[in-house]
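Because the structure is a prediction, the values reported are computed rather than measured. Every chain is numbered from 1 and lettered A, B, ... according to where its sequence line falls, protein lines coming before strand lines.
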Amino acid sequence: MKEKWYQEKTKKKNGPKAERKKLKKHGGPTEEDARKRNPKAFAVQSAVRMAKTFHRSQDMKTKKHHIPLVDRTPLEPPPIVIVVVGPPKVGKSTLIRCLIKNFTRQKLGDICGPVTIVSGKKRRLTFMECNNDINTMIDLAKVADLVLMLIDASFGFEMETFEFLNICQVHGFPRIMGVLTHLDSFKNNKVLRKTKKNLKHRFWTEVYQGAKLFYLSGMVYGEYQLQEVKNLGRFISVMKFRPLVWQTSHPYVLVDRMEDLTDPELVRTDPKCDRTVSLYGYLRGTHLKNKGQVHIPGVGDFQVADVNFLPDPCALPDAQKKRALNEKERLLYAPMAGVGGVVYDKDAVYIDLPASHVNQQQMRPTTELVQSLIDTHATLDAKMAASKVSLFSGSATLEPEDIGEQKKEGLQEESVWDPNTQRERRKVVFTTEDEEDVSGSSDDEDGDSEDSDQEDQGEDDGEKNLSTFLKEARAKCVETTKTGAGAPPVKRPKLEERKGESAEVPAFADSEDDLEVSEDEEESGGEEEAGRAGDSGHCSEEDEEESDDGEEESEELCCEFSILLFLSAGGLKWKEGLQQKASDAFLRQQQAAPNLRKRVYGSVVEVDDSEDEEQELGGLFRVSRPQNSKKFQANAVDSSRFSPDASHNWELEEMLNSIRDCFVTGKWDESQDAATLLKEDGERGEAIHSDDGSSCIACDQQNSENDDDDDDQEESVVKVDDKEAMKNKRLEKKQRLKERFDSEYDDGDATYFDDLKEEMQKQAELNRAEFEDVDDETRVQYEGFRPGMYVRLEIPSLPCEFVTNFDPHYPIILGGLGSSEGNVGYLQMRLKKHRWYHRILKTRDPLILSLGWRRFQTMPLYHIEDHNGRHRLLKYTPQHMHCGASIWGPVTPQGTGFLAVQTVAGVKANFRIAATGVVLDLDKSVTVVKKLKLIGYPEKIFKNTSFIKGMFNTVLEVAKFEGASVRTVSGVRGQIKKALSTPAGAFRATFEDRLLMSDVVFLRSWFPVTIPQLYNPVTSLLLPVGQKDSWAGMRTLGQLKHDLGIRNKPNADSLYKPVVRAQRHFNRLQIPKELQKALPFKSKPKQLQPKGKTPRDLQRPSVIREPHEKKVAALLHALSTVHNYNRKKAHTLQHAKHKQFLQEKGKQEEAKLQRQKEARKKLYRAMGQADQKNQRSSLKGET
Amino acid sequence: MASQGLAYDGCNFFRQRLVLSTLSGKRVKISNIRSKDDNPGLRDFEASFIRLLDKVTNGSKIEINQTGTVLFYMPGLLHGGSVEHDCNMQRSVGYYLEALLMLAPFMKTSLKATLRGVTNDHTDPTIDMLKSTALPLMKKFGIDGEGFDLKVVKRGMAPGGGGEVFFSCPVRRTIRPVQLTDPGKIKRIRGVAYSVRVSPQMANRIVDSTRSVLNQFIPDIYIYTDHMKGANSGKSPGFGLTLVAETLNGSFLSAEMSSTPQGQGDPMLPEDLGRNCAKLLLEEVHRGGCVDSSNQSLTLLLMTLGQQDVSKVLLGPLSPYTIEFLRHIKDFFQIMFKIEVQKPSEDKRKGGDKVLMTCVGVGYSNINKTLK
């Protein structure tokens, strides 16, 4: 009604939308119409394109699918871990405080350790602050479900933010939400908007497009604005999380409480002794098995001594009806921060008493006394009991419980201070629980349960001598077993009387067996002898032994029967009464069968008897007891064959009948019987025929009703029960029909994916349903502790620094290890140097890896795979490429990501993550090789064969390399043939060409490299408070040299020297005279140098002539000129004459040659003719 | 590293311990091996088994003391690949193969094993039986596909041996959980009657006598006769029979018997053998369950090593070997099975008590398989 009114009100009366609606109502043009009107427009244009689009759309659809996984989330999930990260002074603690206040209305001062709160009806949150230490960042990234990444907007991104993002990326990406703080420092609105936008986009590229970024605009009285915090809280409480591979496959606990269980006396005497510590927290991830192995990042690997689950300290509200939580349900639990008040342990209650609180109470008479009472962890007589006497120095101590190993049954007491009544109350402690505890873990005996145990033992007089002690121990054993078993003792019928055989008395590991009095022991011993004689070793000793105790299994009994009978039998006497016996056995087995579980696993909590055996008394006397641990015949034949039950006689008809229905020829079940199936089919066929499909069910109902009516008519008297049964049957049938109909008509388009999903769904349902109605104590044994439980893990032998240097600001994580993840081996990984890391990494330099739960230092070898699959060693990581890395480290499943840092100490300005990668392979042997060139020199050279020396040292070495190919530096290839006798190591080799004596021959080979076996866990949690971020492991070679000031003396040849070039002198360019002459003037070399001064000694005095002399000289000159002229003239004439003469001579010569030629021609012709004639005549002569 | 080890006494269940140790990565120390015996220490067949284990693993460390009474085994990684092994004649190939079946799916590379020795004898399940029951069983756990094969190349009877078996198995990263709660009714019985170095007529005589017993229940019986000759017939004469009953839901129950080895004990008539073997099968049917008695431990192991889901399987009465195996599983994997006994109702004639075993897998993933 209301809804209609609402619709009426909101209906649009006018506007385009209303118009369209109106049109539609009146039958306006719809798409259907358009198709009809213009069919061509909607016709298939191209079949190919259509196929392509279809293909693509299908591809896109299938791409969206993820492989369906079985949903293993528990019904009551553990609190969500919210890690608040950011650089210092960004407002992390303030934000946590505000959020806690928002959810619980409580103020928390110092945020120490994880803080768990109830945020809603179905959700709890655990806040954890992450400080700026890279160790903490790595550890918390592995357990975080949600990361609140605080960013100082006034400063921008800092290196820590990016480092944390990269850590997250490697270890599986949890949800990340950015929170911008310090936004009030922006005065200019435009700048603010711009900054926000820039930061948002950068954040998006790092996380994913559209990642949520919150803005906390300003502070009000030192807190963030209420509305903004509320919004953030809302976002957190509706957030969904994706399962991360590592987290869902490993159990882990983020520890929120720690108690030191070590004996205070032990600590007093040796402050550095190993501690037993119990750690508490919500179990997350997956099921945790008891006594498993855990890794505590920053401490090491440990064996869990015991796990218990405790009542949830921060439970979800029970009633789910209300919308909001009331004040009482808004719980807050943070024991490390001192909140939580009363904490309950397995066997004690701890009450938090702050110092100020104590001082306020004036009522107390003696504060010191009470204080001292609070301080002591054990009562006085407990201490008495705990004190030990050593007979000889160096021998083991004699403990009171050794002497009087008696235990008082019933109730014990423990004093607890009651704050309400201001008095010491005596709390009742039930011993049964304790006993279980003791037996559950042998370590407990000297652990926490000691006080209660030893208390009463101390009361016993300690002067009992050893013989009585043994007796008493024995009696006690019987006593406890008697009290332990609730069922009345069932006496086993005596089969045969064979008393007197004093075989070794079998021991009873199982304290709940009820028949263990000495007289029976003898008998059972005897029987056991008999059993062993006959059986072929298939039956273990324990089986028989247990069958003595009244928990018989049919097959064993029968086996025994047969054996006994064989023993007694001479003839066929044993046949009589066999069936009677068989039926007896059957009946007994009917009664005893539920104890099969006990038979297999022993009682619920097993007694660890190996401990007892090894027990020594004061280091002097060994307690001699019947061998308890010898549960079975240790050296029997190891065969899986199961010998048949001898009591079954397959000759008998009765026996044969007992298995008739196992065959298809036998009788079938009601539901599966062929007749009923046929009938059903007929009905169905009818239904389908009579109906046109849609209302099949209704029709069927009618049919069945008709049937019913018919039945009614036939049988007038029908009992009420019958009617009910009929009704049920009918309903069942209807359901079946409906299912069949659905499967035929609806599930037409079910794909493989849907099937797979359905299968997973079914499995998940089965997983939930299987152990739902089992109580937790038992369930824990089958499944392990399930995630969501609040567990207490007891870990022995933790280093004392863990306790003494405990700092709640650092997270303690217990990471469960899978099978064989506790071992160490070689790992092959793919590694890439981080592109923001500014140096390349060197092979064999120690590197700190974060892999799985662990942080450890190791020495990787980098290598690259050659095209033939060889792993070649690299000296350094490539700059921008993946390479392989082999390390010696903890075995971790393949596909696990890791990151590497060079150092975890201190803060550096640079980006610290050196490399990231993934584990590829585990191997126990190494396959990395490096190149090795062996060099030799020719000793003797024949044609293509040479003797090579100097490559090997012995004949044996050569033999190993026979047939290997060698090469010279110049590229001549060859092959090693055979070793020579002398010199040792020389060999004969053939080459493709003749070698020279100066050639160098080399053999290229590959040498396997050993990986240094360094596995050094980073034990940062053990460092003193305040120095936890200063863990320094093995230094790199470079660092060592730098620190010690060592410099390698370089090879002098390898050093660079200043380049000294010799001055070169070039000769002058000599131009030949001829060329000089031919050159044009401008290119002619110029004699540019001025003529030097003629030296004085060469200077000649100038001659000054007399006038007469002048005349003479002039005359002579004139005469010589005339003479020269005449001579020149004559010479020209002569020349011309000679020329003519030569011409003449030439002509003559030519004529002469011509003449001679003619003559020769004539002569040759004559000669030729004569020859011819001669030849012809000779030919004639011959013929 | 604080990886803990386990310690045991005596040589019984030797294979279980070593196999579980290899799978779980926990080291194991077995002491007092036949220490009180006249002939103390490990037997030859156990030494041979250790050698086989060394062949299929990489980096295992095995230390045995001088007398052979103490064995320390630190498991390496399962490697697989092609393995050839001459099994000791004291035990049949089945002894070795049972362990290999457990290990094979978790190797680095798929296993191709050639085992030589005695293929059929009294103490251990024979190859024919493992082939017809264990392989289909493993298929239900998702161990399937190309190269999952068990072949009898040569048959070798008990004292002399000379047989050869080829076994290959693909590797798996995870094992599927199973729900085998309804065995269904037996629809057919198949079998192999084999004879080597005796008259081929022996096999026919076995078949006839077997049919005479089983025909009372079901007509669909076919028993193959397998007579191997020449080089394929091993070194000793003998004959035997393996029977397999297949149910509607695809579970297999089997029984087998072979002739007494030459020169050991009274010879057996083939007719007797056939009849007794048929009775053994009836016994097996009486026990019932989805898995036959010799494969119980293999089933439980694969359930344990499954993903972290609930697996259920219906078994017949637990054999002592299985009971010890369950204890060992608890030691090595901290897994306890929920054991429920199902009583047969009065009117139904379906044999004896059944045991419903339920467990949650450890979430084991094959860490040996290389990531590509």
Side-chain angles (χ1 to χ4, degrees), chain A residues 70 72 249 286-287 289-292 301-303 538-540 543 555 593-594 596-597 600-601 632-642 644-645 648 650 656-665 763 766-767 770 781-783 819-820 822-824 891 893-895 920-925, chain B residues 1-4 9-15 24-25 32 34 58-59 76-77 98 123-125 177 185-187 216-218 279-280 282-283 285-286 288 293-294 297 308-310 317 319-321 323-324 326 330 333-334 336 338-339 341 348-351 358 360 362-365 367 370-371:
Chain A
V70 181
R72 298 198 181 96
S249 58
T286 178
H287 297 290
K289 302 280 186 300
N290 202 348
K291 303 208 177 1
D301 279 16
F302 297 97
Q303 193 78 34
H538 298 301
C539 279
S540 60
D543 303 333
E555 76 265 7
L596 190 57
R597 172 174 180 264
V600 174
Y601 291 118
F632 45 81
Q633 196 177 339
N635 292 326
V637 180
D638 176 21
S639 169
S640 65
R641 221 178 234 188
F642 189 9
D645 195 341
H648 294 165
W650 293 101
L656 294 178
N657 276 338
S658 72
I659 57 164
R660 283 267 173 222
D661 289 347
C662 293
F663 296 87
V664 279
T665 49
Q763 184 69 51
L766 183 73
N767 289 353
E770 184 58 38
Q781 292 194 339
Y782 291 132
E783 285 188 313
S819 57
S820 79
N823 296 344
V824 206
V891 167
Q894 297 95 342
L920 290 184
D921 198 4
L922 306 167
D923 216 331
K924 291 270 175 172
S925 54
Chain B
M1 257 205 191
S3 183
Q4 81 292 19
D9 260 5
C11 70
N12 207 1
F13 312 109
F14 183 75
R15 282 179 301 166
S24 69
N32 292 331
R34 299 195 183 91
N58 173 15
L77 294 170
E98 271 188 307
T123 39
D124 293 297
K185 286 184 188 300
I186 292 165
K187 61 175 177 185
Q216 304 173 56
F217 291 101
I218 198 161
K279 282 174 192 165
L280 282 182
L282 294 183
E283 173 75 31
V285 171
H286 180 82
S293 58
S294 59
S297 45
Q308 297 201 316
D309 291 319
V310 170
S319 69
Y321 187 79
I323 289 174
E324 196 58 37
L326 284 171
K330 199 188 169 209
F333 288 105
Q334 276 93 40
M336 256 173 92
K338 187 167 147 191
I339 305 169
V341 177
K348 278 181 194 158
R349 299 174 295 175
K350 284 192 167 177
T358 312
V360 182
V362 279
Y364 189 84
S365 80
I367 56 163
T370 310
L371 192 73

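- Looking at Ser249(A), neither its backbone nor its side chain comes within 4.5 Å of chain B, counting heavy atoms on both sides.
- Interatomic distance, Gln894(A) CD to Ser365(B) OG, rounded to the nearest 0.5 Å: 7.0 Å.
- Looking at Asn290(A), only its backbone comes within 4.5 Å of chain B, counting heavy atoms on both sides.
- Among Asp124(B), Asp309(B), Leu326(B), the residue making the largest number of heavy-atom pairs under 4.5 Å with chain A is Asp309(B).
- Using a 4.5 Å cut-off between heavy atoms, Gln308(B) contacts chain A through both its backbone and its side chain.
- Interatomic distance, CG of Leu656(A) versus NE2 of His286(B), reported as 11.5 Å (0.5 Å rounding).
- Counting heavy atoms from C-beta outward, Lys185(B) and Asp661(A) have side chains that approach closer than 4.5 Å.
- With sequence neighbours left out, the side chain to side chain donor-acceptor pair (under 3.5 Å) criterion links Glu783(A) to Arg779(A).
- Note: Pro177(B) leads Gly363(B), Pro177(B), Gly288(B), Ser297(B) in heavy-atom pairs under 4.5 Å with chain A.
- Contact tally against chain A (heavy-atom pairs below 4.5 Å) for Gly59(B), Ser294(B), Ser293(B), Ser24(B): the top residue is Ser24(B).
- For a residue to count as touching a neighbouring chain, one of its non-hydrogen atoms must lie under 4.5 Å from one of that chain's; by this rule Leu77(B) touches chain A with backbone and side chain alike.
- When the candidates Ile218(B), Leu282(B), Thr358(B) are compared by the number of heavy-atom contacts under 4.5 Å with chain A, Leu282(B) comes out ahead.
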**Message:** Let's go through Trp650(A) and Leu280(B) carefully: what are the C-alpha distance in whole Å and the side-chain angles of both, what is the deciding distance for side chain to side chain contact (heavy atoms under 4.5 Å, CB included) to 0.1 Å, and is it a yes or a no?
**Reply:** CA-CA 9 Å; Trp650(A) 293 101; Leu280(B) 282 182; over 6 Å; no
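- Arg660(A) touches chain B through backbone and side chain together, each having a heavy atom under 4.5 Å away.
- For Phe14(B), the parts sitting under 4.5 Å from any heavy atom of chain A are the backbone and the side chain alike.
- The side-chain contact (heavy atoms from CB on, under 4.5 Å) test with Leu922(A) is passed by exactly one of Ile367(B), Asn58(B), Thr370(B): Ile367(B).
- If you measure heavy-atom distances from Glu770(A) to chain B, the contacts under 4.5 Å come from both the backbone and the side chain.
- Pro320(B) approaches Phe642(A) most closely through the heavy-atom pair CD-CE1, 3.7 Å.
- When each of Cys662(A), Pro893(A), Gly895(A) is scored by its heavy-atom pairs under 4.5 Å with chain B, the top score falls to Cys662(A).
- Interatomic distance, Gln334(B) CD to Ser819(A) OG, rounded to the nearest 0.5 Å: 10.0 Å.
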